[in-house]
Amino acid sequence: MNEVRVRFAPSPTGPLHIGGVRTALYNYLFARKHGGKFLLRIEDTDQTRYVPGAEDYIIESLKWCGIAYDEGVGVGGPHSPYRQSERKELYREFADVLINTGKAYYAFDTPEELEAMRERLKARGVATPQYDAFTRGEMVNSLTLSKEETEKRLNSGEPFVIRILIPENEEIQVDDIIRGEVKVHSSRLDDKVLFKSDGMPTYHLANIVDDHLMEITHVIRGEEWLPSAPLHVLLYRYLGWEAPQFAHLPLLLKPDGNGKLSKRDGDRLGFPVFPLRWTDPFSNEVSSGYRESGYLPEAFINMLAFLGWNPGTEQEIFSMEQLVDAFSIERVGKSGSKFDPEKAKWFNHHYIKELTDENLSTHLIDILKEKGISADKSYASEVCRITRERVVLLPDLWNQSWFFFTEPESYDEKVVQKFWKPETPALLRQLAAVLDAAADFSAESVETIVKAFIHDNELGMGQVMNTLRLVLVGGSFGPGVAAIIALLGKTETLRRIEKAIQSLDNLAI
RNA sequence: GGUCCGUUCGUCUAACGGUUAGGACGCCAGGUUUUCAUCCUGGUAAUAGGGGUUCGAUUCCCCUACGGACUGCCA
């Protein structure tokens with residue numbers, strides 16, 4: 001068997017959304033699984049839809065996800081260039097081959113004329129007006145024009161496109177790894193434009209030419225391409241090339257209702273649909289990203305892998321290496337998957353709990369840096385150790401631990417109401433004295449001391465612990481009180497107790 | 001409208017034609033507990049409908065319903 005070669009071929013018209021990332025991921029996994037190559041090709045044949053930054057965004061997204069490619073834009077390779085706009089000169093040649101073999105023809109119809117044709121047919125009751133066997137005879141093209149007239153128009157520089165000539169009466173079959181045999185009658189296909197008047201090929205031509213030239217063995221792409229797959233099969237045949245194997249992936253659906261997940265759903269439903277944050281260069285509109293929202297790439301990938309695929313076992317947690325090992329295209333489902341934000345969080349929470357304290361602390365330190373706080377690495381690690389299980393998304397790291405880095409400026413009113421009693425100051429001072437006397441200030445020791453104090457004074461556990469928590473963090477959240485005290489240290493703990501007494505004492509009478 | 005694709009708990013899904021239809025997320029209840037979590041235990045909940053084929057259909061076939069994609073000189 002030949003070496004497996006697959007590609008991810010996005011068009012740089014904006015940020016890559018998670019459906020695209022999943023397509024890239026499955027291609028990557030498939031290539032790795034079979035010891036083949038994965039390439040990134042940029043399909044920028046539509047000059048009018050160029051969006052600055054989109055290509056860099058795609059590359060950065062793949063990098064963040066850990067989806068490395070062997071050939072492609074940015075890394076080069078034996079089939080360079082990998083940007084279709086830079087391969088422009090290539091495509092005309094193949095369009096000409098099709099013309100010369102009678103499989104394609106020139107067409108000179110203007111956009112207005114095309115529109116008029118559609119209107120005309122609609123008026124005649126034709127549901128789907130197409131440029132096809134039914135209509136091509138009444139349009140302006142090299143089929144209806146004389147050879148001389150066609151030459152004349154071509155030579156005079158009149159704009160033209162090249163259209164494929166769809167065969168009259170034929171069943172065209174696409175063999176799809178996921179869906180089996182899909183058959184479409186040629187009369188349902190239209191004479192698609194292969195080569196545009198601006199000198200660029202359309203997707204249909206460019207993707208066939210490039211896949212052939214780049215020796216692509218398997219085309220793994222979204223289901224939205226299934227309807228045009230017969231056209232592609234036809235093109236391979238016309239060009240005398242062996243077609244790659246096809247696998248059309250089911251769509252990613254929006255979490256509520258139905259329909260393809262789209263850009264707008266994220267902001268509407270409060271979860272990212274993009275791997276990285278994206279700022280639209282034209283409107284300056286910002287769309288949130290998984291990275292900036294505090295997801296770990298490992299969690300993001302694991303979650304994405306399971307949207308449409310499963311290993312057939314009950315294992316759900318997979319590293320990229322394990323995914324490579326377990327992946328098979330045959331186990332990809334047929335039906336679309338609704339994206340579930342809750343499950344995404346669960347994966348992230350899981351991966352955060354799996355991280356070492358030190359690894360997690362690098363994220364904490366990043367957050368601290370942004371806030372202009374510098375922190376000792378081992379201290380940050382300790383904070384992570386006692387905070388981690390409360391962290392679902394990375395920003396929770398700060399939400400659950402900020403009081404280790406800056407003292408509370410105010411106290412949650414509801415908590416004060418509930419726990420701050422007239423006798424509290426005296427009690428806290430007693431407890432402070434006991435704490436002050438402690439030789440061992442480990443969390444275990446502190447816990448023993450505080451509990452003994454509560455017991456000896458016949459106090460309520462909840463009452464004391466919650467009050468203590470209040471004065472130390474300013475509210476009712478965070479890790480265990482003993483762990484907080486131990487990490488804060490004796491001096492700081494005593495200071496916060498005293499400070500709270502100063503500011504809360506008058507208030508609660 | 002047409003063409004194509006699809007349909008198992010709310011969601012992601014498992015089940016050589018033979019299982020009490022399994023797991024996970026969520027949710028609910030209980031336990032642990034100083035907040036919130038974690039953790040543990042238990043529970044809720046599904047084969048879209050109708051016909052076939054078969055000793056036996058979630059599984060194979062047909063129809064219906066529903067959903068989706070596509071229907072550009074966009075990819």
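Here, B/rC66 and B/rG50 have their C1' atoms 15 Å apart, quoted to the whole Å. B/rG42 and B/rU53 are spaced 44 Å apart, taking the P atom of each and rounding to whole Å. As rounded to the nearest Å, B/rC70 and B/rG43 have P atoms that lie 44 Å from one another. Look at the P atom in both B/rG17 and B/rU7: the space between them is 16 Å, to the nearest Å. Going from the C1' atom of B/rC27 to that of B/rG10 covers 9 Å, rounded to whole Å. Distance noted for atom P between B/rG2 and B/rC63: 15 Å (whole Å). Rounded to a whole angstrom, the distance from the P atom of B/rG6 to that of B/rC61 is 11 Å. Across B/rU44 and B/rG23, the matching C1' atoms stand 16 Å from one another, rounded to whole Å.
Between A/Gln84 atom CD and B/rA75 atom P there is a gap of 9 Å when expressed in whole angstrom units. When rounded to the nearest whole Å, the span between CG of A/Leu249 and P of B/rC4 equals 22 Å. Atom pair A/Ile208:CD1 and B/rA75:C1' shows a separation of 13 Å (rounding to whole Å applied). For the pair A/Leu251 CG and B/rA69 P, the computed distance is 7 Å after rounding to whole Å. Between A/Leu459 atom CG and B/rU34 atom C1' there is a gap of 13 Å when expressed in whole angstrom units. In this structure, A/Phe339 places its CZ atom 13 Å from P of B/rU13, rounding to the nearest Å. In this structure, the CE atom of A/Met303 is 18 Å from the P atom of B/rU11, given to the nearest Å. The interatomic distance linking A/Met200 (CE) with B/rC74 (P) rounds to 11 Å, in whole Å.
Pair assignment for B/rU7: B/rA65, on the basis of Watson-Crick or G-U wobble contacts that are both within less than 3.5 Å. Nucleotide B/rG2 has B/rC70 as its partner under the Watson-Crick or G-U criteria, with both atom distances under 3.5 Å. Pairing partner, B/rU20: none, since no Watson-Crick or wobble contact has both distances short of 3.5 Å. Here B/rA14 sits opposite no nucleotide as a Watson-Crick or G-U wobble pair (both hydrogen-bonding atom distances under 3.5 Å). Across every strand in view, B/rG56 sits unpaired, with no contact that passes the Watson-Crick or G-U test at under 3.5 angstrom. In this structure, B/rG30 forms a base pair with B/rC40, meeting either the Watson-Crick or the G-U wobble geometry with both donor-acceptor distances under 3.5 Å.
In this model, the phosphate group of B/rG67 is not approached by any side-chain N or O of A/Lys260 to a distance below 4.0 Å at OP1 or OP2. Close to B/rU71, at under 4.0 Å from its OP1 or OP2, lies no side-chain N or O of A/Arg188. Not one side-chain nitrogen or oxygen of A/Thr202 sits closer than 4.0 Å to the OP1 or OP2 atom of B/rG72. The side chain of A/Lys196 places an N or O atom within less than 4.0 Å of a non-bridging phosphate oxygen (OP1 or OP2) of B/rA75. Within the 4.0 Å cut-off from OP1 or OP2 of B/rU13, not a single side-chain nitrogen or oxygen of A/Asn310 is found.
Under the 4.5 Å side-chain criterion, counting only non-hydrogen atoms from C-beta, A/Phe453 is not in contact with A/Leu435.
Nearest-nucleotide assignment on RNA chain B puts the 5′-proximal partner with A/Leu226, out of A/Gly336 and A/Leu226. For the pair A/Ser11 and A/Glu224, both in contact range of RNA chain B, the more 5′-proximal nearest nucleotide belongs to A/Glu224.
A/Gln315 CD: more than 12 foreign heavy atoms inside a 6.0 Å radius. Other residues, nucleotides and ligands contribute more than 12 heavy atoms inside 6.0 Å of the CD atom of A/Glu170.
A/Ser197 comes within 4.0 angstrom of a nucleotide base, judged by non-hydrogen atoms across all strands. Contact annotation for A/Lys183: backbone-only contact, meaning every heavy-atom pair under 4.0 Å involves sugar-phosphate atoms and none involves a base. Looking at heavy-atom distances under 4.0 Å, A/Phe306 makes contact with sugar-phosphate atoms alone, never a base. No contact: A/Asp44 has no heavy atom under 4.0 Å from any strand. The residue A/Arg163 sits close only to the backbone: its heavy atoms come under 4.0 Å of sugar-phosphate atoms, none of a base. Among the protein residues, A/Arg331 comes within range of the sugar-phosphate backbone only, with heavy atoms under 4.0 Å from sugar or phosphate atoms but none that close to a base. Within the nucleic acid shown, A/Ser228 has no heavy atom closer than 4.0 Å to any nucleic acid atom.
Remark: the A/Asp210 side chain and the A/Tyr91 side chain contain an N/O donor-acceptor pair separated by less than 3.5 Å.
Contact check on A/Glu138 versus A/Arg124 returns a salt bridge, with a Lys/Arg side-chain nitrogen under 4.0 Å from an Asp/Glu carboxylate oxygen. Look at A/Asp190 and A/Lys192 and you find a salt bridge, because one of the NZ, NE, NH1 or NH2 atoms lies within 4.0 Å of a carboxylate O, short of that distance. Checked for salt-bridge contact, A/Asp396 and A/Arg390 miss the test: no charged N lies under 4.0 Å from a carboxylate O. Salt-bridge annotation for A/Asp340 and A/Lys343: absent, with no side-chain N of the basic residue lying under 4.0 Å from a carboxylate O of the acidic one.
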Which pairs, protein N/O on one side and nucleotides 20-23 of chain B N/O on the other, fall under 3.5 Å?
unit_1	atom_1	unit_2	atom_2	d
B/rG22	O2'	A/Glu314	OE2	3.2
B/rG23	O4'	A/Glu314	OE2	3.0

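Using bins of under 30°, 30° to 60° and over 60° for the plane-to-plane angle, the ring pair A/Phe318/A/Phe306 lands in the tilted bin.
Put simply, the side chain of A/Arg49 and the base of B/rC74 share a donor and an acceptor less than 3.5 Å apart.
Each of B/rC12, B/rC5, B/rG6 was ranked by its minimum atom distance to the side chain of A/Ser337; first place goes to B/rC12. Among B/rC25, B/rC4, B/rC73, the nucleotide with an atom closest to any side-chain atom of A/Val184 is B/rC4.
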Given side chain to side chain contact (heavy atoms under 4.5 Å, CB included), test A/Leu16 with A/Trp278 step by step and report yes or no. CA-CA 9 Å; A/Leu16 198 58; A/Trp278 167 259; over 6 Å; no
Which atom pairs, donor and acceptor, lie under 3.5 Å between side-chain atoms of residues 18-27 of chain A and protein residues at least two apart or in another chain?
unit_1	atom_1	unit_2	atom_2	d
A/Arg22	NH1	A/Leu307	O	2.6
A/Arg22	NH2	A/Pro250	O	2.3
A/Thr23	OG1	A/Gly19	O	3.1
A/Tyr26	OH	A/Ala305	O	2.8
A/Tyr26	OH	A/Leu307	O	3.2
A/Tyr26	OH	A/Trp309	N	3.3
A/Asn27	ND2	A/Thr23	O	2.9
A/Asn27	ND2	A/Ile220	O	3.0

For nucleotides 35-40 of chain B, 5' to 3', base contacts (B), sugar-phosphate-only contacts (S) and non-contacts (-) with protein non-hydrogen atoms under 4.0 Å give BBBSS-
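For the atom pair A/Phe339 CZ and A/Met303 CE, the distance stands at 4.5 Å (nearest 0.5 Å).
Paired with A/Asp191 under the rule salt bridge (Lys or Arg N to Asp or Glu O under 4.0 Å), one option of A/Arg136, A/Arg163, A/Lys103 passes, and it is A/Arg136.
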